[in-house]
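A short write-up of the structure that comes next.
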Amino acid sequence: MPRSRKIFLQQIYQKLLKKFGPQFWWPAPTRFEVIIGAILTQNTNWANVEKALTVLKDKRLLSPQALYKITPRQLASCIKPAGYFNVKAKRIKNFIRFLFEVHEGKIEKMRQEKPENLRSQLLCVNGIGAETADSILLYALDKPFFVVDAYTKRILSRHGIISPDADYATIQQLFMTSLRKNLKVFNEYHALIVRCAKEYCKKKPLCEGCPLEDLSKTL
DNA sequence: GACCAGGCACATC
DNA sequence: GATGTGCATGGT
């Protein structure tokens with residue numbers, strides 16, 4: 001990778017942090033809740049996810065044991081506010097089944113797995129793709145994997161750092177080889193990208209007032 | 001009423 | 001292997 005691109009990614013982080021400050025993403029009370037949230041938030045507004053999580057909490061269903069017992073149909077009816085409730089119910093059940101079959105139903109057991117192995121295992125669960133796997137690894141399990149999403153792609157391609165058709169692994173590598181392997185930075189950086197894209201990167205062709213505006217000129 | 005939101009798997013060509 | 005499509009609610 002060109003050295004300039006590396007520095008560029010580091011500069012973007014500093015700019016975003018300066019502009020928006022820390023984002024405090026995912027301060028959920030349990031790792032398990034973060035994981036379920038990661039599945040529920042697929043292609044969905046976070047506010048809707050919180051509603052679904054509240055229902056699960058109120059019904060005392062937000063535990064591996066409880067979700068193991070519940071039927072997909074019952075689960076679907078609880079998570080309706082998050083949208084795609086039938087698919088997501090299946091996906092959550094798939095994850096729970098994996099958790100019990102491979103890690104005795106225990107998150108802490110799962111955390112003992114070697115990070116690379118764990119990522120492969122998660123990707124084998126039907127319904128968990130690269131982004132959801134990395135969100136789980138980073139935000140729930142404290143494993144340093146950079147999360148790439150639609151916003152990340154949009155911002156980077158808009159500022160000419162990647163081509164619009166760059167794939168997930170390529171973009172992830174870009175970040176992971178440019179930055180220290182640091183949980184806090186990975187966590188914050190992804191959240192900052194989402195924040196920036198939401199506020200400034202919606203309108204085509206250019207995002208007026210975006211803190212990254214001037215950077216692309218220096219590339 | 002259209003559009004969007006912190007994706008993914010599957011069908012089809 | 002690329003491209004298209006279904007899944008669904010709630011806020012703007």
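Bear in mind that the values here come from a model prediction, so they are computed numbers and not experimental data.
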Discussion item. Any heavy-atom pair between the side chains of A/I136 and A/L118 that's under 4.5 Å?
Written reply: no
Worksheet item: Which residues within residues 70-92 of chain A lie with some heavy atom under 4.0 Å of an atom in DNA chain B?
Response: A/R91
Discussion item. For A/V49, run the side chain to side chain contact (heavy atoms under 4.5 Å, CB included) check against A/I79, A/I36, A/T44, A/I39 and tell me which one passes.
Written reply: A/T44
Discussion item. Ring centres under 6.0 Å, that's the criterion: do A/W46 and A/W25 meet it?
Written reply: no
Practice prompt. Scan side-chain atoms only and decide if A/S120 and A/N117 contain a donor-acceptor pair under the 3.5 Å cut-off.
Written response: no
Item to complete: For C/dT3 and B/dA5, measure between their C1' atoms and round to the nearest Å.
Response: 22 Å
Item to complete: Could you list where the contact with chain A starts and ends along DNA chain B, reading 5' to 3', using a 4.0 Å heavy-atom cut-off?
Response: B/dA5 to B/dC10
Item to complete: Report the residues that fulfil ring pair (Phe, Tyr, Trp, His ring centres under 6.0 Å) with A/F100, sequence neighbours left out, ordered by chain and then residue number.
Response: A/Y68
Worksheet item: Do the side-chain N and O atoms of A/H103 and A/Q121 include a donor-acceptor pair separated by under 3.5 angstrom?
Response: yes
Discussion item. Taking B/dG6 as the reference, what is the distance to C/dG4 when you measure between their C1' atoms (whole Å, please)?
Written reply: 23 Å
Item to complete: Please report the closest heavy-atom contact between A/P81 and A/K51, naming both atoms and the distance.
Response: CB-CB, 3.7 Å
Worksheet item: What parts of residues 39-49 of chain A reach DNA chain B, counting only heavy atoms under 4.0 Å away?
Response: A/T41, A/Q42, A/N43, A/T44, A/N45, A/W46
Worksheet item: Salt-bridged, A/R97 to A/E101, with N to O below 4.0 Å?
Response: no
Fill in: Heavy-atom contact window of chain A on DNA chain C, given 5' to 3' at under 4.0 Å
C/dC7 to C/dG11
Worksheet item: Looking only at atom P, what distance separates B/dC8 and C/dG10, rounded to whole Å?
Response: 22 Å
Worksheet, complete the sentence: Tested for side chain to side chain contact (heavy atoms under 4.5 Å, CB included) against A/I171, the lone hit among A/I161, A/D149, A/I162 is A/I162
Practice prompt. Using distance alone, with no hydrogens and no angle criterion, decide if A/Q74 and A/S77 have a side-chain donor and acceptor under 3.5 Å apart.
Written response: no
Worksheet item: Looking at side-chain heavy atoms only, is the closest gap between A/L122 and A/F95 below 4.5 Å?
Response: yes
Worksheet item: Have A/Y139 and A/D134 got a donor and an acceptor in their side chains that come within less than 3.5 Å?
Response: no
Worksheet item: How far apart are the closest heavy atoms of A/V185 and A/N182, and which atoms are they?
Response: N-OD1, 2.9 Å
Worksheet item: Side chains of A/Q42 and A/T132: is there a donor and an acceptor less than 3.5 Å apart?
Response: yes
Worksheet item: Taking DNA chain B as the partner, which of residues 127-138 of chain A come within under 4.0 angstrom of it by heavy atom?
Response: A/G127, A/I128, A/G129, A/A130, A/E131, A/T132
Item to complete: Using a strict cut-off of less than 4.0 Å between a Lys/Arg side-chain nitrogen and an Asp/Glu carboxylate oxygen, indicate whether A/E104 and A/K106 qualify as a salt bridge.
Response: yes
Practice prompt. Name the residue closer to the 5' end of DNA chain B, choosing between A/D149 and A/L123 according to the nucleotide with the nearest heavy atom.
Written response: A/D149
